[in-house]
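One structure is given below, encoded as structure tokens.
Throughout, a chain's letter reflects where its sequence line sits, starting with A, and its residues are numbered from 1. Note that this is a predicted model, so its numbers are computed, not measured. Side-chain atoms are counted along with the backbone in the values below, which use heavy atoms only and exclude waters and symmetry mates.
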Protein chains: 2
Amino acid sequence: MSSPQPSARYLQVKHYVLDQVAAGTLRAGERVPSENDLVRELRVSRMTANRALKELAADGVLVRVAGVGTFVAEPRVHAHPLEVRNIADEIRSRGHEYRVRVGALASLLASRELAERFELKTGAPLDYSLLTHFEGGLPLQVEERYVNPQVAPGYLRCDFTQTTPHEFLIKVAPLQRAEHTVRALLPERRIRRLLKLEADEACLLIMRRTFSRGRVASVADLYHPGSRYELAANIQPR
Amino acid sequence: MSSPQPSARYLQVKHYVLDQVAAGTLRAGERVPSENDLVRELRVSRMTANRALKELAADGVLVRVAGVGTFVAEPRVHAHPLEVRNIADEIRSRGHEYRVRVGALASLLASRELAERFELKTGAPLDYSLLTHFEGGLPLQVEERYVNPQVAPGYLRCDFTQTTPHEFLIKVAPLQRAEHTVRALLPERRIRRLLKLEADEACLLIMRRTFSRGRVASVADLYHPGSRYELAANIQPR
DNA sequence: GCCTCGTACCTGTATAGACAAGTAACGGCC
DNA sequence: GGCCGTTACTTGTCTATACAGGTACGAGGC
């Protein structure tokens with residue numbers, strides 16, 4: 001973990017295979033030496049060869065089929081993950097001052113559209129919050145959130161100047177799953193004013209649903225000024 | 001892999017730990033039973049306990065420190081990956097017809113801005129392509145791409161009706177790294193017309209840089225209609 | 001009080017050996 | 001020809017054992 005053991009022979013095995021893939025000796029779809037081949041060729045135990053191949057398979061470099069063999073994976077540079085981070089962490093990690101303004105707190109009854117997103121019946125009670133997150137004086141995110149009080153009770157009693165809604169939720173309701181969607185749009189006037197946007201400025205919307213105990217715990221719409229916010233990621237395939 | 005062996009005792013170990021985390025018996029930061037504890041409690045070999053804990057650590061549920069112990073990770077629901085996929089695959093996987101129109105192919109000299117993105121000198125030669133990708137008749141992506149011919153030669157001779165630029169590049173130049181940025185904006189008129197957008201329709205822009213042999217191989221701006229395109233991801237923490 | 005050393009414990013890694021289960025190919029039987 | 005079982009090979013998993021290197025902590029010396 002922190003300090004790799006001197007030998008690390010499974011790394012030798014990984015490199016042995018990776019080098020052949022990189023050099024083109026082994027091409028996509030072709031069969032990789034079996035664990036027993038590697039035992040003979042590199043004088044390692046089978047468990048070590050197994051670990052090396054298993055890790056390469058987990059990384060997506062190889063594909064293993066029980067009873068058949070191990071193969072070079074088709075190059076899938078297709079799926080590139082982008083990270084959606086906690087806004088307070090993100091601002092602070094840039095060394096800027098973070099501030100939040102509570103715009104509204106309320107409990108309300110689900111409209112048809114909200115009920116659909118929550119997979120509940122229309123009219124079900126929901127908690128509601130509207131927060132604006134500031135980076136050094138400028139609004140960077142408007143967070144409009146709805147919470148199912150049946151799943152995460154006590155939401156409205158939370159002090160949002162101390163705890164972000166997201167932090168509160170993962171404390172109260174064990175998070176099972178999250179669902180994200182990213183869109184670009186011209187925001188309605190209400191959002192535009194909260195984000196201090198020009199009339200012709202686009203807005204990056206991240207819609208997040210979190211699930212707890214099989215039910216939708218919360219639905220959040222995160223609006224960001226298109227001119228000041230972007231999602232970024234660096235990916236190293238392999 | 002495809003069919004788990006009947007026993008799968010390392011799964012018992014994983015569940016043994018996960019259940020305690022889910023139940024709150026083990027909280028964030030607390031120490032989980034050591035490998036030797038699990039050997040005694042569950043009557044498995046240490047290698048099996050090791051595998052279980054190692055996998056949970058790889059999933060981000062636990063944190064392991066050599067010589068100290070294994071601990072429940074702080075709930076980091078902060079980093080949520082979103083996937084950027086190959087547009088042709090994406091359209092076909094939805095069962096729709098994919099079509100591409102080549103708008104322009106050219107070689108040109110780098111402007112100051114382009115040179116910056118390529119980390120080259122102004123005036124360096126670049127290959128250029130402008131493609132529009134259609135999903136069943138409607139434009140879904142305008143792909144404006146610049147390629148460094150020094151890194152990936154022969155780009156302009158590629159038949160883009162058969163191969164996407166991305167596919168060509170990973171064939172010609174081994175991909176080392178990719179860098180993505182997502183923005184929302186109101187597009188200039190040229191892009192708006194290619195995407196058949198209304199004047200007040202926002203646009204989701206994915207900027208991608210790919211690196212090969214330590215140099216920028218290609219820079220791509222992928223424009224999508226805000227009304228018809230979104231990025232999505234489902235994440236299961238644990 | 002402070003430093004040092006020894007000890008106990010923890011994880012990281014490697015090995016050899018074993019059985020289970022899936023797959024493919026070959027050969028024999030009908 | 002078509003079907004079926006044997007056989008060889010593959011990965012998946014488990015066990016027992018071993019050594020290395022890191023950390024924490026207490027005992028003892030200064």
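Atom NZ in A/Lys54 sits roughly 8 Å away from atom P in D/dG12 (whole-Å rounding). Rounded to whole Å, atom C1' of C/dT15 lies 16 Å from atom OH of A/Tyr10. Between the P atom of C/dA16 and the CZ atom of A/Arg43 lies a distance of 10 Å, rounded to the nearest Å. Regarding A/Arg64, its CZ atom lies at a distance of 11 Å from the P atom of D/dT10, rounded to whole Å. To the nearest angstrom, C1' of C/dC10 lies 11 Å from CG of B/Asn50. Rounded to an integer number of Å, the gap from B/Lys14 NZ to D/dT13 P is 10 Å. Going from atom CE of B/Met47 over to atom P of C/dA18 covers 18 Å, rounded to whole Å. One can place CD of B/Glu55 at 16 Å from C1' of C/dT11, the figure rounded to the nearest angstrom.
Pairs of residues two or more places apart, or lying in two chains, never qualify as side chain to side chain donor-acceptor pair (under 3.5 Å) while including a residue from residues 20-33 of chain B.
Counting heavy atoms from C-beta on, the side chains of A/His133 and A/Glu90 never come closer than 4.5 Å. Residues A/Val17 and A/Thr70 form no side-chain contact, since every pair of their non-hydrogen atoms from C-beta on lies 4.5 Å or further apart.
The side chain of B/Ser45 lies closest to D/dT15 when the candidates are C/dT11, C/dA18, D/dT15.
With hydrogens and angles disregarded, no donor-acceptor distance shorter than 3.5 Å links the side chain of B/Arg208 to the backbone of B/Leu222. Side-chain atoms of A/Arg228 come within 3.5 Å of backbone atoms of A/Pro139 as a donor-acceptor pair (strictly under, hydrogens ignored).
Between B/Tyr155 and B/Phe160, the angle of the ring planes lies from 30° to 60°, which puts this pair in the tilted group.
Put simply, CG on A/Leu53 and CG on A/Leu62 are 6.5 Å apart, with the number rounded to the nearest 0.5 Å.
Scanning residues 29-40 of chain A for heavy-atom distances under 4.0 Å to DNA chain C yields an empty list.
For D/dT10, neither phosphate oxygen OP1 nor OP2 lies less than 4.0 angstrom from any side-chain nitrogen or oxygen of A/Thr70. Of the side-chain N and O atoms in A/Thr48, none sit less than 4.0 angstrom from OP1 or OP2 of C/dT13.
If you check distances only, the side chain of B/Arg46 does reach the base of C/dT13 with a donor-acceptor pair under 3.5 Å.
Summary of the strand contacts: A/Gly67 and A/Arg51 both lie near DNA chain C, and taking for each the nucleotide with the nearest heavy atom, the more 5' one is attributed to A/Arg51.
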